[in-house]
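Single-structure report; data block below.
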Amino acid sequence: MNRLADSPSPYLLQHADNPVDWWPWSPEAFAEARRRDVPVLLSVGYASCHWCHVMARESFADEATAAELNAGFVSIKVDREERPDVDAVYMEAVQAATGQGGWPMTVFLTPDAEPFYFGTYFPPRPRGGMPSFRQVLQGVAAAWADRRGEVTEVAARVAADLAGRTLSGAVGGPGGGPPGDAEVHAALLELTKEFDAVRGGFGGAPKFPQPMVLEFLLRHHARTGSAAALEMVQATCEAMARGGIYDQLGGGFARYSVDAEWVVPHFEKMLYDNALLARVYAHLWRATGSEQARRVALETADFLVRELRTEEGGFASALDADSDRPDGGGHAEGTYYVWTPDELHDVLGAEDAALAGAYYGVPEAPAAATFEEGASVLQLPDTGVPSDAGRIASVRERLTAARAGRPRPFRDDKVVTAWNGLAIAALAEIGAYFDRPDLVDAAVAAADLLVRVHMTDGTGGPGTVGRLVRTSRGGAAGDSAGVLEDYADVAEGFLTLTAVTGEGAWLQLAGLLLDTVLERFRGEGGALYDTADDAEQLIRRPQDPTDNPTPSGWTASAAALLSYAAYTGSERHREAAEQALGIVAKLGPRAPRFVGWGLAAAEAALDGPREVAVVGPPDDPRRTELHRTALLSPAPGAVIATGPPPGTGEAPGTGAGATTGAGTESGAAAVSGAAPTVDADAVPLLADRPLVDGAPAAYVCRHFVCAAPVTRPEELRAQLTPAAPPQG
């Protein structure tokens, strides 16, 4: 009996028709293993994972393999995106045992959930030194039957080792606290050593975009004037924008490049990558005025809204790497995106096909193709091809229309809380920067969905703020509790909406989430855990301050706490942020690629962050211009509030900013069903900020110590420009 048919997870539903007797992660599954006295197979993956699909076709859909699994094991299938806590605990064990990790993750457990045999993908037949999956099953079954004492001893030892790993207290004590200039400079030097000066990016193949590192470098350049930091960002963003990792027709980025040159991507498109990278390119435009950065930021934002937005207003998790071949030749990776010379000719005709081949780097000779079977990934190689803008636009339009007729990649339409928080922040900023109120509207609509469906009272009932669920699908909340990154990234999104829309309700909602972080996720010495203190108890309470494809919950919390403290003057939140950043002071100089978000937060702390209050009548264009000037400041982590001056009868923290998200219901209204009720002190940063000689004014502060108010954009721009001299 396969028990996945009623699962809300698209990944589990992909396995609902397997002959394997799958169980979801549940106490009942482990009780069944104890009743039958058999080990547990834990298989972890996600819906857009290419090798997960491969192993499913080769093994889990195979009747003979399924018969062995059903006879000798209780098989549990987990969506890592729905249960990142389960994934984190057992991935740590896999990496400790094998030196590497990845998905699909394959772990064998005792009925007490203790792991004893570890792996990732196993082929159907032995190859490349790997045993077949059925050989693994037979070996594990034999060990369980004949060497039970040895197996349980190993499992107990692994579980005890995992349980003993904790970072509690690692951030406190003498010498603790956030990174200073010395640690940040050491991190920059280490990144310089790891930077690929020829091809951009960091490290070799496979090459990942690492947007958190790029964000740190942009902030470091803004604060110090470092030319080296900006050059690394410019070179990397230029190479990615021209490479195959970027979808030259539809916008948006693939997960990573399989080579070091950014040519051939792993074709899955994730919400989190695109939200983070869209924001990086927008910030690069803000720093340099690069037209390419502007184009990529907008195209990526439009991709998010066009391809990933759900009917309920949230954003779906991912597009699969695989799709059906247009010729009906089966399911394969990348077939939606790649082109042969013949396909270009069929769509464009001979003359424009030749132009497109040269412009997009599609060679005529099949042997020179960049992908498989004579097909190439579209790029923008710097070949010196004359760029007739009109013809190129026509070529792109026709290729996009033709591609739309191909079988599309599967979309994982579950709404992951944390990743939607990242998307909200990106879309709100890009909409404000480039006068695209539709993008701000999309950000507000996603935030409203999170408030209505994802925020709960801790017992699973939507509509009461304070606790989060991890996912929803079709407007229905999932049953997995939110983890630390959910709280931190949604708070980041809400704080960005505060800056862009001027609505104080978003600040209040962010404060509720961050209070939960302090009450439920914080441990000894200010260390943070990935799960709440009342969450399901696993063999270890996961705790990881390092970035993976997304910012770690730990450092994302530090960044959001720091911003919230700047808005409100809360020393409690400021101290918690600084204490959490203590781990970045230790890791940053040695492993900066793994704490990029923490280093970015450290830059904000070193710069203040700047606190900007803009006051004036909502319909006064002078206030709008001051607000826009503040939003476009690259000052690291600057927080921005806008509202009417005191004494006008309108509550501070309400009213339109540069863009308003008009036409959408606010987050507070989504909870109560009425207009938001905003306290007079909703945005403390706006308190006691009068007009200056009857004109809208901007106040720039650091730690609530303010410079003289200004009324002209150029004066505000000067106050927001860091005074540090340029560095190399």
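These numbers come from the heavy atoms of this one structure, side chains and all, not from hydrogens, waters or symmetry mates.
With hydrogens and angles ignored, the 3.5 Å screen pairs a side-chain donor or acceptor of S376 with a backbone N or O of T370. Remark: side-chain polar atoms of R702 are not paired, donor with acceptor, to backbone N or O of A707 under 3.5 angstrom. For the pair E429 (side chain) and A426 (backbone), a donor-acceptor distance under 3.5 Å is absent. In this structure, the side chain of D259 engages the main chain of E261 through a donor-acceptor pair within 3.5 Å. Checked by atom type and distance alone, the side chain of K207 pairs as donor or acceptor with a backbone atom of G200 at under 3.5 Å. The closest donor-acceptor contact from the side chain of N420 to the backbone of F315 lies under 3.5 Å. A donor-acceptor pair under 3.5 Å is formed between the side chain of R396 and the backbone N or O of L249. Remark: side-chain polar atoms of S226 are not paired, donor with acceptor, to backbone N or O of H220 under 3.5 angstrom. No donor-acceptor pair closer than 3.5 Å links the side chain of R255 to the backbone N or O of P549. Under the 3.5 Å distance criterion, the side-chain polar atoms of D547 are matched with a main-chain donor or acceptor of G596.
Taking the charged nitrogens against the carboxylate oxygens, D247 and K269 do have a contact shorter than 4.0 Å, which makes a salt bridge.
For the pair R80 and Y46, the distance from NZ or CZ to the six-membered ring centre is under 6.0 Å and the angle to the ring normal is within 45 degrees.
In this structure, Y246 has its ring center at least 6.0 angstrom away from the ring center of W262. When ring centroids are compared, Y564 and F494 stay outside the 6.0 Å threshold. For F253 and Y281, the ring centers are positioned less than 6.0 Å apart. In this structure, F267 has its ring center closer than 6.0 angstrom to the ring center of Y337.
Side-chain N/O atoms of E268 and H50 include no donor and acceptor closer than 3.5 Å. Between the side chains of E231 and H221, no donor-acceptor pair is found at a separation under 3.5 Å.
The two residues L562 and A605 come nearest to each other via the heavy atoms CD2-N, 3.6 Å. Closest approach of T629 and P713 over heavy atoms only: OG1-CB, 3.5 Å.
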For this session: Evaluate side chain to side chain donor-acceptor pair (under 3.5 Å) for D87 paired with W103, printing each intermediate quantity in order.
Result: CA-CA 10 Å; D87 176 68; W103 300 275; 2.8 Å; yes

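Across L427, L439, I424, L497, a single residue satisfies side chain to side chain contact (heavy atoms under 4.5 Å, CB included) together with V444, and that is L497. Partner of W597 under the side chain to side chain contact (heavy atoms under 4.5 Å, CB included) criterion, out of T546, L276, V213: L276 alone.
With sequence neighbours left out, C237 forms a disulfide bond (SG atoms under 2.5 Å apart) with no residue at all.
When the shell of 6.0 Å around OH of Y121 is examined, it contains more than 12 heavy atoms from other residues, nucleotides or ligands.
In this structure the side chain of Y272 never reaches within 4.5 angstrom of the side chain of D489, judged on heavy atoms.
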